[in-house]
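Worksheet for the structure shown next.
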Amino acid sequence: MGHAPLSWEEAVSARMPTPTEADRLNLPKGVPLLRITRTTTSPDGTVLEINDTRMSADTFDIGYILTRHPSAKHP
């Protein structure tokens, strides 16, 4: 799309769903909601996308690959 390099900021949270969320996601009573909010930004700071994902905490896992930055050195 000609915006590279892009940057992403992501926030993960867990909470009890609102009645509307529980109904729309068909969540059993007492099951928490996982929420991931990701914002994609271009190099000039333009927001290109906001992704708001909500899912059942008893059905889904969230995982990430963590990579050490090249500047990190052992003392």
Side-chain angles (χ1 to χ4, degrees):
M1 293 179 52
H3 296 290
L6 303 177
S7 63
W8 295 268
E9 184 175 319
E10 198 162 85
V12 179
S13 61
R15 60 173 170 75
M16 295 309 294
T18 65
T20 301
E21 289 169 327
D23 182 56
R24 289 184 178 172
L25 294 171
N26 199 27
L27 296 176
K29 194 167 187 86
V31 172
L33 176 86
L34 286 174
R35 183 177 182 188
I36 304 171
T37 306
R38 181 175 54 244
T39 304
T40 306
T41 309
S42 69
D44 69 2
T46 302
V47 174
L48 302 173
E49 175 191 37
I50 297 175
N51 185 314
D52 186 350
T53 304
R54 299 168 199 215
M55 62 195 88
S56 173
D58 73 340
T59 306
F60 294 92
D61 291 326
I62 301 170
Y64 297 92
I65 296 173
L66 301 176
T67 316
R68 178 180 239 170
H69 190 275
S71 66
K73 298 179 182 177
H74 190 276

[X] atom [atom1], neighbour heavy-atom count above 12 within 6.0 Å:
| X | atom1 | answer |
| --- | --- | --- |
| Arg15 | CZ | yes |
| Asp52 | CG | yes |
| Glu9 | CD | no |

Exercise for the section: Quick one: pull up OG1 in Thr53 and CZ in Arg38 and give me the separation to the nearest 0.5 Å. Expected result: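 So the OG1 of Thr53 and the CZ of Arg38 are separated by 6.5 Å.
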
Handout entry: Between CG on residue Leu6 and OG1 on residue Thr39, distance to nearest 0.5 Å
Key =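 Reported value, rounded in 0.5 Å steps: 12.5 Å.
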
Problem - From Leu25, Leu34, Leu27, residue fulfilling side-chain contact (heavy atoms from CB on, under 4.5 Å) relative to Arg54 - result: Leu25

Completion exercise
Closest non-hydrogen atoms of Pro43 and Pro5, given as atom of the first, atom of the second and distance, are CG-O, 3.1 Å

Completion exercise
Of all heavy-atom pairs linking Ala57 and Val31, the shortest is N-CG1, 4.2 Å

Handout entry: Salt bridge flag under 4.0 Å for residues Arg35 and Glu21
Key = no

Practice task
Find out if a path of hydrophobic residues (ILVMFWY) with successive side-chain heavy-atom gaps under 4.5 Å connects Trp8 to Leu48.
Solution key: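 Linked, Trp8 and Leu48 end up in one cluster.
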
Exercise for the section: Please tell me if the side chains of Phe60 and Ile36 come closer than 4.5 Å, counting only heavy atoms from C-beta onward. Expected result: no

